[in-house]
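Here is the structure we will look at, set down as structure tokens.
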Amino acid sequence: PHVVCLQGAWIFEYLPLDISWDFKALLLDALGGNYKEVVTHGGLLDIDLRESLGVRIKDQDVIIAKKNVGIVGIPDTITFDDQLTLITAIGPVTVLRGLSIAKLNIRGAEYTIGNTHLEAFDEFQPGVRLNQANQVVEELEDETWPIILAGDFNAEPGWPAYDAIAAEFDDAWPPRLIGRRDPGFTFGRTDLISDDAVFDERIDFVFTRNHRAVTLVGLTVGKSEFSKTDPVPYPPGSSSLIRLWPSDHLGLFFNLILPQ
């Protein structure tokens, strides 16, 4: 694909076992130098307990693109005004989430790419996910280029946050596939080991706006054994080597035509 949008591309460090993973860097390396970083939203959740427990987990949302894709201007990152705050054993933790925006030139055509990850645990602070969805709409309302908005919206069709986005954008999933061979379900894994996941939630989407898009291909990816990692120590530090699923979500692959 010309462009890849990632949500939850974590940095994980565990100093006692000398573990340091940056999933953005690992992916770019695995792609063999054929892709470049466009923008990383690094101002998200960052729990740094290296001094006390030797642990750090840091959230990142990332847009990468093929090397021949042009970046127009300076990409932007927005942190949402409304955020979930949880009371934990280490004190209050605010789960920072946001939106990344980049203008790209792909084969001579110009597009605005948005990448976002809305709040998952809205039940702890009702309304936060909807407020974030409304802010996504507001941040992109003045864009005149064709827009491709991708993300983990943590909301199914018919839920308020989905409806807020869908009122202004077109859901790119091919309607003929909904309820048929591939209904577009992207969530259902509860761990990265089990092979018996039942995918029954459609919460990851690609939306478009400005010049109606034609979806040539819309696929969920990540169900086959081919998608698993190479054998890695699991749990971290263990002598057991296990092939893991790369995510609790499935990915989405789209081939779109957006007339200029």
Side-chain angles (χ1 to χ4, degrees), residues 1-9 38-39 41 61-65 69 75-78 80 82 97-104 106 109-120 122 128-179 182-187 199 201-222 247 249-260:
H2 290 94
V3 180
V4 180
C5 295
L6 307 168
Q7 304 87 41
V38 175
V39 60
H41 198 322
D61 291 344
V62 182
I63 301 174
I64 65 174
V69 170
D76 193 15
T77 58
I78 295 102
F80 292 135
D82 197 5
R97 300 187 187 273
L99 169 69
S100 304
I101 302 172
K103 294 179 179 293
L104 302 180
I106 303 172
E110 295 176 325
Y111 305 94
T112 296
I113 308 297
N115 184 35
T116 193
H117 189 178
L118 303 188
E119 182 50 55
D122 186 74
V128 63
R129 184 189 301 132
L130 176 58
N131 291 340
Q132 293 173 352
N134 285 330
Q135 188 170 352
V136 169
V137 172
E138 292 169 4
E139 296 289 350
L140 293 170
E141 65 182 352
D142 294 328
E143 292 289 337
T144 57
W145 291 8
I147 298 174
I148 301 172
L149 171 64
D152 174 359
F153 292 84
N154 279 307
E156 297 189 70
W159 292 17
Y162 173 92
D163 290 348
I165 301 289
E168 301 295 333
F169 294 82
D170 296 317
D171 186 340
W173 187 257
R176 67 183 181 278
L177 294 182
I178 295 176
D182 188 343
F185 295 144
T186 59
F187 185 72
F199 291 93
E201 296 182 42
R202 185 168 173 253
I203 62 174
D204 302 271
F205 303 94
V206 171
F207 292 98
T208 64
R209 200 190 75 195
N210 300 343
H211 305 277
R212 183 169 296 277
V214 177
T215 301
L216 298 181
V217 178
L219 299 172
T220 54
V221 295
S247 174
H249 291 243
L250 297 181
L252 292 173
F253 174 85
F254 280 86
N255 188 345
L256 301 172
I257 296 177
L258 279 81
Q260 292 293 296

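Every heavy atom of this structure was used, including side-chain atoms; hydrogens, water molecules and symmetry mates were not.
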Let me see the working for Val3 and Ile64 under side-chain contact (heavy atoms from CB on, under 4.5 Å), right down to the final yes or no. CA-CA 6 Å; Val3 180; Ile64 65 174; over 6 Å; no
How far apart are the C-alpha atoms of Val4 and Leu6, what are their side-chain angles, what is the distance that settles it, and do they pass the side-chain contact (heavy atoms from CB on, under 4.5 Å) test? CA-CA 6 Å; Val4 180; Leu6 307 168; 3.7 Å; yes
Take Ile165 and Leu149, measure what side-chain contact (heavy atoms from CB on, under 4.5 Å) needs, and give me the verdict at the end. CA-CA 10 Å; Ile165 301 289; Leu149 171 64; 4.1 Å; yes
For side-chain contact (heavy atoms from CB on, under 4.5 Å), just list the numbers for Phe80 and Leu118, CA-CA rounded to whole Å, side-chain angles, deciding distance to a tenth of an Å, and then say yes or no. CA-CA 9 Å; Phe80 292 135; Leu118 303 188; 3.9 Å; yes
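Both tests do not hold together for Arg202 against Phe185: distance to the six-membered ring centre under 6.0 Å, angle to the ring axis within 45°.
In terms of modelled atom types and a separation under 3.5 Å, the side chain of Thr186 and the main chain of Leu250 share no donor-acceptor contact. Between the side chain of Thr215 and the backbone N or O of Val217, no donor-acceptor pair lies under 3.5 Å. Panel note: side chain Asn210, backbone Trp145; a donor-acceptor pair is recorded below 3.5 Å. The main-chain N or O of Val128 is found under 3.5 Å from a side-chain atom of Asp122 such that the two form a donor-acceptor pair. The closest donor-acceptor contact from the side chain of Arg209 to the backbone of Leu140 lies under 3.5 Å. Panel note: side chain Glu119, backbone Gln132; no donor-acceptor pair is recorded below 3.5 Å.
Between atom CZ of residue Phe205 and atom CG of residue Asp170 there is a gap of 13.5 Å, rounded to the nearest 0.5 Å. Remark: Asn115 CG to Leu99 CG distance equals 8.0 Å, nearest 0.5 Å. Atom CD1 in Ile113 sits 7.0 Å away from atom CD1 in Ile63 (nearest 0.5 Å). Atom OG1 of Thr208 sits about 7.5 Å away from atom CD1 of Ile148, to the nearest 0.5 Å. The CZ atom of Phe254 sits 8.5 Å away from atom CG of Leu219, with the distance rounded to the nearest 0.5 Å. Here the CD-CD1 distance, from Glu139 to Ile78, works out to 4.5 Å after rounding to the nearest 0.5 Å.
Considering all non-hydrogen atoms of both residues, Ala164 and Leu130 come closest at CB-CD1, 3.9 Å. Taking both residues in full, the closest heavy atoms of Ala65 and Val38 are given as CB-CG2, 3.7 Å, listed atom of the first, atom of the second, then distance. Minimum interatomic distance between Gly151 and Gln7 (heavy atoms only, all atoms of both residues): CA-NE2, 3.5 Å. Taking each heavy atom of Glu156 and Ile203 in turn, the nearest pair found is CG-CG2, 3.7 Å. Of all heavy-atom pairs spanning Glu168 and Val137, the tightest one is CG-CG1, 3.6 Å. Listed here is the closest heavy atom pair of Pro75 and Val39: CB-CB, 3.6 Å.
Inter-residue side-chain proximity for Thr220 and Leu252 is flagged as met; some heavy-atom pair is nearer than 4.5 Å. Considering only heavy atoms from C-beta on, His117 comes within 4.5 Å of Asn154 through its side chain.
Phe153 pairs with exactly one of Phe169, Phe187, Phe207, Tyr162 by the ring pair (Phe, Tyr, Trp, His ring centres under 6.0 Å) rule, that one being Phe207.
Counting only N and O atoms by type, the side chains of Gln135 and Asp82 include no donor and acceptor under 3.5 Å apart.
In this structure, Glu143 pairs ionically with Lys103, as a charged nitrogen and a carboxylate oxygen lie closer than 4.0 Å.
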